[in-house]
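Below you'll find the structure, written out as structure tokens, and then a few comments.
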Amino acid sequence: MSIQTRVKHKTVEDLITEAETLCERRSPAALPIIEDAMQMALHSGKLRHIALAKYAFGFYYCFVDNNYDDAVKFCDEALMHLNNTEISEFGYKMYLTLGNSYQLKGDVYMAQKSYLMGIKSLESKQDLKEREWDYLASFYYNLGLLLGNSAFNFQVEEYLTKAIEIYERIGQKYKLSKSYVAFCSILEPQGKYEECIDLLMKAKAIDEEENDQYSIALTNANLGIMYMRMNNETRSLYFLGLALEYYQAGGMTYETAMVKTSLGEALFKADNRKEGIIILHEAEGLFHELNNKKELSNIYGLLSNLLEVNGEFHEALQYQKKYTETLREFFDVEKTNSITRAKKEFETEQKEKEAALLREKNDEINRYVHRLEMSNNELKQFAQVASHDLREPLRMISSYMTLLEKSLRDNLNEQQKDFIGFAMDGARRMEQLIVDLLRLAKIDANPKLEDVKLGNVVEEIKLNLDTLLKEKNAIVVVSDLPVIQGDRTQMLQLFQNLIGNGVKYNESDQPLIRINCTTVFDKYEITISDNGIGIPETFKDKIFNIFQRVPTTKTYSGSGIGLAICKKIVDSMGGKIWVENNPTGGTVFKINLKVSY
Ligand code: ADP
């Protein structure tokens with residue numbers, strides 16, 4: 001059957017829900033469904049779906065396959081695919097499986113961390129749905145169980161109370177009974193055996209109502225242990241016997257071994273020492289089979305104590321040695337775990353620091369961009385003001401001067417005519433300055449880039465300047481020019497300014513402008529040289545400033561803005577422009593532009 005037929009009309013979410021239910025029943029039938037979900041997710045390319053499918057694999061590996069390492073790997077990857085909103089939406093599912101897997105692997109620290117993350121993500125939600133309450137209670141319940149066995153059990157009571165509260169409220173009976181049993185682990189060390197028995201009876205009533213045989217057996221086992229603590233051996237042996245019968249019939253090795261441990265102890269206390277020790281040895285064998293170091297260590301300790309009481313000192317010593325050995329092994333494993341954890345924490349911290357630094361840099365860049373935008377806007381506003389408001393009074397000066405000249409025409413002497421002429425000239429120059437400033441302001445610092453053939457640009461300029469070139473008998477010699485990435489209009493402005501200046505500031509019989517280009521590493525170096533009047537050393541940098549001109553005896557037209565425009569254009573392309581001496585006289589302008597590949 002093709003995947004299309006199998007998953008007809010189903011979404012990835014549908015498949016995941018189906019797989020979850022099967023995994024909860026420990027059914028291998030979940031696997032093909034998860035594989036289909038993953039194919040669909042990969043096909044859609046949506047990270048959210050891929051994350052869900054990965055989580056389902058994790059869930060499967062943890063609950064059906066008992067492969068906790070892979071379960072952790074898949075859940076971690078799933079979380080990495082989610083953004084913050086998605087994590088608070090359904091990340092808790094991954095955290096629960098992650099915590100379960102770590103717990104089953106024996107990594108208490110990481111399990112606790114995962115459960116706490118799950119609680120955090122659920123508590124950040126507004127209105128929890130019933131299923132989400134169920135998850136929240138599971139986190140509390142698991143934390144209770146996890147820490148109940150560790151040295152950090154001061155919060156256990158709080159966690160389990162919260163779990164019981166939620167389960168009672170949502171009527172989740174199955175888990176409620178488990179929570180009652182778990183609560184006994186807090187009461188037991190306090191010697192509150194009667195209360196424990198009350199709770200266990202409540203749990204058993206629920207289990208019987210639900211006809212949950214497995215849980216009934218578990219509660220019976222616990223009742224057996226509690227009666228043993230109360231020195232009521234008859235009742236203890238009765239309940240332990242019931243539990244053992246059920247576990248043995250079901251071939252449940254771990255549970256059988258656990259009950260045998262308690263049964264052995266109870267028999268020993270009931271003065272049936274020989275049988276008690278035999279049963280404890282049987283439990284030891286089963287834990288060996290399971291390779292369960294933790295329980296083995298417990299049973300070694302117990303056997304050593306009981307054998308000593310029984311006067312079998314030699315054997316008691318052997319078990320004492322085994323007990324110390326397994327403890328040391330545990331210690332080594334714990335030590336390695338702690339070092340690995342510390343390393344992992346350190347790496348995470350480093351990564352977090354790097355990310356924070358990156359965010360800071362980004363913020364800084366954004367602030368600069370914002371400031372740049374503001375100053376660009378100011379410049380545009382200035383251009384607006386300059387083009388309308390400043391030019392208007394100038395026009396008035398010119399027109400009233402003309403009117404004055406006309407109305408006084410015959411009554412003006414030569415000097416008065418000169419005065420009016422100077423005033424008109426000043427107004428015209430001012431107008432020209434404003435127009436030039438506007439040209440500078442209007443240059444776009446972020447132009448659209450396109451391929452520009454510089455050779456064509458220069459040819460077009462030669463046509464534009466045809467009259468000037470003919471007038472001055474000038475020639476422009478161009479050798480191979482490259483195609484560059486730039487704004488064509490700006491390139492026209494740049495080269496027209498430079499060629500125009502080369503001809504203008506030139507007193508030779510035949511002005512000669514040469515343009516060529518070489519490539520130096522990753523840069524084009526374009527040279528525009530002339531045989532003109534040259535530029536004194538002290539002005540080589542200044543001339544690129546706005547309104548800066550070299551004082552000369554002869555007057556040349558212009559306002560001193562052309563080179564400022566050239567510099568702005570080249571700067572905006574990340575290039576450089578400067579002046580060098582022409583050894584044969586005249587000026588050499590050089591431009592560096594990045595070669596774009
Ligand atoms: P403008 O030509 O309008 O004065 P520019 O900004 O183009 O303004 O040039 C600034 C000054 O640099 C000019 O006034 C001139 O003194 C000097 N200059 C520019 N190009 C040349 C050149 N090719 N040869 C000699 N002097 C130059």
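All ligand and atom numbering here is 1-based and tracks the order in the structure. Just so you know, residue 1 is the first one in the sequence shown, and it goes up from there.
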Can a donor-acceptor pair be found between the side chains of N67 and D70 at a distance below 3.5 Å? yes

Quick test: of every protein heavy atom, which one is nearest to atom 15 (C) of ligand 1, and how far off is it to 0.1 Å? Y505 CZ, 3.5 Å

Under 6.0 Å between the ring centres of Y95 and Y115? no

With heavy atoms only and a cut-off of under 4.0 Å, state how L563 meets ligand 1: side chain, backbone, both or neither. both

Any heavy atom of G532 closer to ligand 1 than 4.0 angstrom? no

Could you identify the single nearest non-hydrogen protein atom to atom 12 (O) of ligand 1 and state the distance to 0.1 Å? I543 CG2, 3.2 Å

Number the atoms of ligand 1 from 1 as they appear, then name those within less than 4.0 Å of a heavy atom of G558, with their elements. 3 (O)

Is the distance between the ring centroids of F74 and Y55 less than 6.0 Å? no

Are T11 and D14 linked by a side-chain donor-acceptor pair shorter than 3.5 Å? yes

For atom 4 (O) of ligand 1, which protein heavy atom lies nearest, and how many Å away is it? R549 NE, 2.6 Å

Would you mind listing which atoms of ligand 1 come within a distance below 4.0 Å of any non-hydrogen atom of Q548? 10 (C), 11 (C)

Give the atoms of ligand 1, by number and element, whose distance to some non-hydrogen atom of G562 is under 4.0 Å. 5 (P), 6 (O), 7 (O), 8 (O)

Rounded to the nearest 0.5 Å, what separates atom CD1 in I16 from atom CE in M40? 9.5 Å

The atoms of ligand 1 lying under 4.0 Å from a heavy atom of G560, numbered in the order shown, are 1 (P), 3 (O), 4 (O), 6 (O), 8 (O)

Closer than 4.0 angstrom: is that true for some heavy atom of I561 and an atom of ligand 1? yes

Nearest-contact summary for atom 23 (N) of ligand 1 - protein heavy atom, Å: D530 OD2, 2.9 Å

Nearest non-hydrogen protein atom to atom 16 (O) of ligand 1, with distance, is V550 N, 3.0 Å

